[in-house]
Peer 1: 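The structure is given below, and queries will be raised subsequently.
None of the values given here were measured: they were computed from a predicted structure. Read the numbers this way: they start at 1 and go in the same order the structure lists the ligands and their atoms. Keep in mind that the numbers below use all heavy atoms, side chains included, and drop hydrogens, waters and symmetry copies.
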Amino acid sequence: MERYARSSAVAVIRLRNPPVNALSVEVLQALEDGLKKAEADPSVKAIMICGENGKFSAGADIRGFSTPKRHRVALGPIVSLIESSEKPVVAAIEGIALGGGLEVALGCHYRLAHVKAQMGLPEVTIGLLPGAEGTQRLPRLIGVPAALDMITTGKHIPATEALKLGLVDEIVEENTIEAAIRLANKVIGQPLGPRRLSLKPVPKLPNTDAFLREALAKVKKQARGFLAPELCFQAVKAATERPFAEGVRRERELFQRLLSSEQARALQYAFFAERAVSRDHLSLAPSPLPGTLLSDVYIYTGLGTMGQGIATSLVKAKIPVVALEQDLEYLNKGRKAVMGLLEREAMKMEGGAQTLDFHNPARLQFTVDFDLLSDVDLVIEAVFEDMALKKEIFHKLSKICKPGALLCTNTSALNIDEIASATSRPQQVIGTHFFSPAHVMRLLEIIYGRHTSPTAIATAMQLAKALKKVGVVVGNCFGFVGNRMMFPYVEQAVFLLEEGSRPEAVDQALEDFGFKIGPFRMSDLAGLDVGWRSRKGQGLTGPSLPAGTAARQRHGQRYSPLPDLLCERGRFGQKTGKGWYQYEKAGGRTAVPDPWLHSFLSQYRDSHGIKTRYIDQEEILERCLFSLINEGFAILAEGIASAPEHLDVIYINGYGWPKHRGGPMFYASTVGLPHVLAKLQKYSEAHPDVPKLRPSAFLKKLVAAGNPPLKEWMSYLSRQSPKL
Ligand SMILES: CC/C=C\CC(=O)SCCNC(=O)CCNC(=O)[C@H](O)C(C)(C)COP(=O)(O)OP(=O)(O)OC[C@H]1O[C@@H](n2cnc3c(N)ncnc32)[C@H](O)[C@@H]1OP(=O)(O)O
């Protein structure tokens with residue numbers, strides 16, 4: 001506790017724990033001591049709580065949740081202590097007030113915030129609920145609908161919205177601390193009863209029961225097996241049904257249940273994994289490429305879907321863009337699409353189009369003039385996946401671009417070394433695999449080639465950071481990390497159809513597991529023709545397939561021609577109104593099981609002598625997930641990725657893996673590696689012609705080593721990539 005000024009009647013309690021003033025045991029102890037001291041000091045007439053370095057607090061120290069209970073200090077009683085103070089307590093909110101940080105502010109009698117501050121109760125995103133009485137105070141302050149929305153989604157809200165909701169009493173544009181001191185002085189002596197949220201009733205709704213019924217249905221639908229949102233709902237519901245103290249008891253019960261859950265552990269693992277992955281890669285080189293980094297970024301020809309998203313993403317990040325296309329027709333199409341995307345993005349932002357300033361040619365221009373590339377710092381090529389075309393472009397880029405420019409290729413599978421071989425500067429060539437839609441998806445896979453320099457890698461990581469994306473650096477192999485792990489997963493899904501399953505059963509099993517979308521719905525959305533083109537290119541199907549090739553065998557391994565057969569019948573998915581499902585029309589989005597497909601599958605099995613069998617959910621999950629995980633172990637052993645956390649971050653941010661399951665490798669660690677190995681062995685014996693079911697040597701090694709924790713896995717490998 002300190003005094004604002006020598007003779008001031010206002011005591012200041014400053015939360016201090018850089019970088020985000022997390023409420024560690026020490027901070028909580030100091031807060032409690034400070035409150036007691038201020039309370040006991042007759043010269044103190046009011047108290048102000050603020051945070052060090054322009055941040056109120058990011059809430060409880062998340063690392064502390066994995067320490068034994070006896071080493072923790074309970075925040076709830078401290079919040080009660082603040083509220084019961086006989087002296088007015090003002091929260092001065094700057095920067096962030098999140099989780100326990102906001103709960104501290106809710107215990108205060110007055111809340112004043114800087115206009116740029118953000119507030120929220122994001123506990124749900126780490127598998128918890130606001131366990132310091134926040135689920136009971138917030139509905140009393142801002143009403144049940146708004147409180148439920150904040151608590152079940154964990155979203156951060158800006159101070160302006162907080163003011164509208166009544167979450168804060170005042171917002172200021174200038175010095176928050178001085179304004180809070182003024183407020184504290186002003187309210188000295190005023191009655192505190194009406195300011196104590198625990199004493200207020202929860203505002204009544206016209207029909208609380210109906211509202212809660214609908215809200216619960218919505219929460220359950222979105223949660224897909226994720227427990228925390230529903231328990232958050234239950235805690236808020238308790239506020240509508242019980243007196244404050246009983247509501248708090250219910251909140252604690254629910255909090256304890258979540259705290260000991262595997263889901264909370266998975267989400268907290270994912271929280272730190274994401275940050276560690278970004279940090280690791282950023283520190284690969286002392287500094288990014290020389291020159292005015294990211295002052296000009298050019299997208300080379302290809303303002304198709306990917307290029308449009310990438311351009312939008314760059315403009316949103318305030319990076320000047322020159323978008324280049326091969327001719328005026330494509331350029332005009334691309335321009336229209338990018339402008340449309342930016343208009344929509346601007347509508348979601350405060351300040352709209354003015355904030356993004358995309359009508360300003362200094363920020364965004366469109367051209368067909370290749371020579372403009374001579375002075376840029378960074379190029380992102382985003383043409384379609386055609387090696388010959390990419391090589392031709394990189395040859396040209398190598399000649400035209402200035403010596404320091406970083407040359408990025410947006411590709412989901414092609415060989416970076418081969419593309420780089422078309423240039424005279426392979427050390428500056430790097431893969432940037434954006435995910436569609438590129439202005440929305442958070443993942444950026446960054447692929448280094450044999451000659452890519454550490455500085456180029458660090459520059460690409462800077463780019464990811466500037467775009468507010470999660471950059472993950474991986475090695476060069478077909479499909480890199482994400483798609484390479486996806487291939488066996490999709491392969492198993494199709495094999496299951498051959499053996500007796502249906503697309504809707506496979507999708508349902510994986511969606512119940514928590515995936516946003518199952519493999520067949522996904523394939524219909526992306527378009528079946530994409531994979532077909534790639535398989536034709538690899539000679540697996542189409543005219544280049546040697547005559548007499550067995551229908552269900554390629555290179556001595558099992559192959560399913562089912563996706564090819566659908567494509568041959570013009571069933572490309574949503575875009576043609578038919579694929580693995582049928583749709584209301586071409587371009588329709590509602591997938592309906594298709595009787596035609598069911599009888600097509602029966603005929604297919606009959607014609608290949610396959611006996612249809614019932615396949616249960618367990619087998620669907622095990623074959624799809626464990627084959628994907630098995631590939632993950634092979635990737636780690638080859639040094640394509642530097643740690644299991646990297647694979648998990650990729651899967652959560654790019655492939656719709658349910659975050660509450662922590663990523664595929666974390667999931668493997670929770671079910672136990674011996675279990676994964678045993679299942680793979682079983683399925684591999686049943687399907688000896690499927691190499692991707694054969695357990696990886698690294699998985700076997702870890703099991704033989706006694707199933708060590710995930711953090712230790714990499715220490716069992718002797719060889720690691722020199723660049724990671
Ligand atoms: C009874 C229980 C009562 C209360 C429950 C809770 O309060 S649970 C905690 C609720 N709070 C949160 O979930 C906030 C989590 N943090 C964030 O969302 C972001 O970190 C934040 C605060 C918006 C800042 O984002 P920014 O992008 O600026 O930085 P970064 O995320 O890289 O974080 C910087 C470092 O701070 C560490 N950190 C952040 N929050 C916490 C926290 N609550 N506890 C512990 N550590 C935290 C983060 O890990 C970074 O450190 P690093 O060493 O790089 O990992």
Peer 1: Tell me whether Arg275 has any N or O atom under 3.5 angstrom from an N or O of ligand 1.
Peer 2: yes
Peer 1: May I ask whether atom 25 (O) of ligand 1 is less than 4.0 Å from at least one protein heavy atom?
Peer 2: no
Peer 1: What is the nearest protein non-hydrogen atom to atom 35 (C) of ligand 1, stated with its residue, atom name and distance?
Peer 2: Pro19 CG, 3.6 Å
Peer 1: Go through ligand 1 atom by atom and flag the ones less than 4.0 Å from a non-hydrogen atom of Ile126.
Peer 2: 8 (S), 9 (C)
Peer 1: Do Thr312 and Glu345 have a side chain donor and acceptor closer than 3.5 Å?
Peer 2: no
Peer 1: With atoms numbered from 1 as shown, which atoms in ligand 1 lie under 4.0 angstrom from a non-hydrogen atom of Glu103?
Peer 2: 3 (C), 4 (C)
Peer 1: Suppose we measure from atom 54 (O) of ligand 1 to each protein heavy atom; which comes out shortest, and what is that distance?
Peer 2: Arg279 NH1, 2.6 Å
Peer 1: Say you draw a straight line from CD1 of Ile652 to CZ of Phe666; how long is it, rounded to the nearest 0.5 Å?
Peer 2: 9.5 Å
Peer 1: Set out, in order, the CA-CA distance, both residues' side-chain angles and the distance that settles ring-ring contact (aromatic ring centres under 6.0 Å, His included) for Tyr655 and Phe515, then state yes or no.
Peer 2: CA-CA 8 Å; Tyr655 292 84; Phe515 272 95; 9.4 Å; no
Peer 1: Would you say atom 16 (N) of ligand 1 touches the protein, meaning some protein heavy atom is under 4.0 Å from it?
Peer 2: yes
Peer 1: Please determine if Arg265 forms a cation-pi arrangement with Tyr269, meaning its NZ or CZ atom is less than 6.0 Å from the six-membered ring centre and no more than 45° off the ring axis.
Peer 2: no
Peer 1: Under 4.0 Å from any heavy atom of Gly100, which atoms of ligand 1 are there?
Peer 2: 4 (C), 6 (C), 7 (O)
Peer 1: Any nitrogen or oxygen of Ala60 lying under 3.5 Å from a nitrogen or oxygen in ligand 1? Just yes or no.
Peer 2: yes
Peer 1: Does the protein place a non-hydrogen atom closer than 4.0 angstrom to atom 38 (N) of ligand 1?
Peer 2: yes
Peer 1: Do Arg140's NZ or CZ and the ring of Phe244 fall within the cation-pi criteria of under 6.0 Å and 45°?
Peer 2: no
Peer 1: State the atoms of ligand 1, each with its element, that fall below the 4.0 Å cut-off from a heavy-atom position in Gly59.
Peer 2: 7 (O)
Peer 1: What are the atoms of ligand 1, with element, lying closer than 4.0 Å to any heavy atom of Ile96?
Peer 2: 22 (C)
Peer 1: Is there a donor in the side chain of Ser24 and an acceptor in the side chain of Glu26, or the other way round, less than 3.5 Å apart?
Peer 2: yes
Peer 1: Judged by non-hydrogen atoms, does Gln118 sit under 4.0 Å from ligand 1?
Peer 2: no
Peer 1: Atom 45 (C) of ligand 1: which protein heavy atom is closest, and how many Å away?
Peer 2: Asp61 OD1, 3.2 Å
Peer 1: Salt-bridge test for Asp357 and Lys318: reply yes if a basic N is under 4.0 Å from a carboxylate O, no otherwise.
Peer 2: no
Peer 1: Provide, to 0.1 Å, the distance between atom 23 (C) of ligand 1 and the closest protein heavy atom, together with that atom's residue and name.
Peer 2: Leu98 CD1, 3.9 Å
Peer 1: State whether the shortest distance between N or O atoms of Ile62 and N or O atoms of ligand 1 falls below 3.5 angstrom.
Peer 2: yes
Peer 1: Look at atom 20 (O) of ligand 1 and find which of Phe271, Phe272, Phe255 reaches it with the closest heavy atom.
Peer 2: Phe271
Peer 1: Around atom 11 (N) of ligand 1, find the nearest protein heavy atom and jot down its residue, atom name and distance.
Peer 2: Ala58 O, 2.8 Å
Peer 1: Any side-chain to backbone donor/acceptor pair from Arg196 onto Ser85? Under 3.5 Å, distance only.
Peer 2: yes
Peer 1: Specify whether the nearest protein heavy atom to atom 28 (O) of ligand 1 is under 4.0 angstrom away.
Peer 2: no
Peer 1: Is it true that Glu274 and Arg442 make a salt bridge, defined as a side-chain N closer than 4.0 Å to a carboxylate O?
Peer 2: yes
Peer 1: Check this for me, if you would: do Arg137 and Glu83 make a salt bridge, where the nitrogen-to-carboxylate-oxygen distance has to be below 4.0 angstrom?
Peer 2: yes
Peer 1: Regarding Glu241 and Lys237, does a basic nitrogen lie under 4.0 Å from an acidic carboxylate oxygen?
Peer 2: yes
Peer 1: Within 45 degrees of the axis of the six-membered ring of Phe272 and under 6.0 Å from its centre: does Arg63 put its NZ or CZ there?
Peer 2: yes
Peer 1: As an exercise, state the distance from CD1 of Ile380 to CG of Leu314, rounded to the nearest 0.5 Å.
Peer 2: 5.0 Å
Peer 1: When you measure from the heavy atoms of Val20 to every atom of ligand 1, does any distance fall below 4.0 Å?
Peer 2: yes
Peer 1: I need the atoms of ligand 1 closer than 4.0 Å to a non-hydrogen atom of Pro122, numbered in the order shown.
Peer 2: 11 (N), 12 (C), 13 (O)
